[in-house]
There are 2 protein chains.
Amino acid sequence: MRAMEKNVNTENVRAQMRKGVLEYCILLLLAKEDAYASSIITRLKEANMIVVEGTLYPLLIRQKNQGLLQYRWEESPQGPPRKYYAITDKGREQLEEMNNAWQEIVTTIENIKN
Amino acid sequence: MRAMEKNVNTENVRAQMRKGVLEYCILLLLAKEDAYASSIITRLKEANMIVVEGTLYPLLIRQKNQGLLQYRWEESPQGPPRKYYAITDKGREQLEEMNNAWQEIVTTIENIKN
DNA sequence: TTTGGTACTTTGTCTTGCAAGGTATTAGTT
DNA sequence: AACTAATACCTTGCAAGACAAAGTACCAAA
């Protein structure tokens, strides 16, 4: 009972914090190499950053519409073709902003804790 | 033009990241000392964490309804009485969860950057 | 009694995350 | 040829939450 309630709470807490940095994580990943949606989900999961399709697909589309990403189709060794996303120059600019913003947030939290 | 667009973007980026840690910051502040809404806004602003009334009041009420906070009325030297919020035991438990969650997120980002 | 400062609250809009359900492609199996 | 399983991508509907803006209330000084 108690334990269950705690777990639900804990998940909420983590989920909320994750939201704030999701777009940042996408750009971080794509800055290293192009990837398609399913593989992004897998990688984020490995990094403890849970994302589901219904979240990621619209997010990628938003970032593409903002000019931060572009995509190309590539055949898959098995199954339907994959939509490979790549970061654009504008995306890299935004990523730098995000790096700064992230650093600021971390510093701010440290300040509040002090 | 360019500069303006960039500023808007930058603000969005920061705003989104802030959202994820807002509740955390409130609990961090209240764990140190009781405070009323207006003073919380002032302190967060000093720490570069912009919040407005329309955001904070509902948030405090939510946290109170979750049993994380309680409040008492105190007279003000000038103006209407103040609603002083104080963190509860349950709130401190939650705060510990949040400390862990925050540490995890920071680590996760580092991992993705690596 | 009006003005200014302080404080709390609510309403309406917009964005976003996510569960759930849907479509499409390919390869292997029956 | 039909079925199954695996892989991918996409959409819809709901709910939560941030915030601008407007509203209410209290107090003191002019």
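Below, chains carry the letters A, B, ... as their sequence lines are ordered, and counting in each starts from 1.
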Check whether L22(B) and I109(A) end up in the same hydrophobic cluster, where Ile, Leu, Val, Met, Phe, Trp and Tyr are linked by side-chain heavy atoms less than 4.5 Å apart.
yes
Counting heavy atoms from C-beta on, name the nucleotide in dC9(D), dT11(D), dA28(D) closest to the side chain of Q78(B).
dA28(D)
Both E23(A) and R82(B) contact DNA chain C. Taking the nearest nucleotide for each, which residue is further toward the 5' end?
R82(B)
Do L95(B) and L30(B) have side chains that approach each other closer than 4.5 Å (heavy atoms only, starting at C-beta)?
no
Can you tell me if Y36(B) touches the phosphate of dC8(C), counting only side-chain N or O atoms and a distance under 4.0 Å to OP1 or OP2?
no
How many whole angstroms separate atom CD of Q63(B) from atom C1' of dA18(D)?
14 Å
If you check every side-chain atom of T55(B), which of dC8(C), dT11(D), dC19(D) has the closest atom?
dC19(D)
Atom-to-atom span, CG of L56(B) to C1' of dG17(D) - whole angstrom
13 Å
Any salt bridge between R18(A) and E11(A), counting N to O under 4.0 Å?
yes
Take P58(A) and G79(A), find for each the nucleotide of DNA chain D with the closest heavy atom, and name the residue whose nucleotide sits nearer the 5' end.
G79(A)
Distance check needed: dG17(D) C1' versus N12(B) CG, whole Å only.
16 Å
Measuring to OP1 and OP2 of dG17(C), would you say a side-chain N or O of R62(A) lies under 4.0 angstrom away?
yes
Distance below 4.0 Å between S76(B) side-chain N/O and dT6(C) OP1 or OP2:
no
Over how many whole Å does the gap from L22(B) atom CG to dT16(C) atom C1' extend?
16 Å
Presence of K19(A) side-chain N/O under 4.0 Å of dT15(C) phosphate oxygens OP1/OP2:
no
Expressed as a whole number of angstroms, how long is the span from R72(A):CZ to dC9(D):P?
13 Å
Among dT25(C), dG17(C), dA18(D), the one nearest any side-chain atom of L59(A) is dG17(C)
Please classify the nucleic acid contact of S38(A) as base, sugar-phosphate, or nothing, using heavy-atom distances under 4.0 Å.
sugar-phosphate
Does dC8(C) have OP1 or OP2 under 4.0 Å away from a side-chain N or O of Y57(B)?
yes
Is there a donor and acceptor pair closer than 3.5 Å between the side chain of E53(B) and the base of dC19(D)?
no
Are the side chains of R14(B) and N100(A) in contact, using a 4.5 Å heavy-atom criterion?
yes
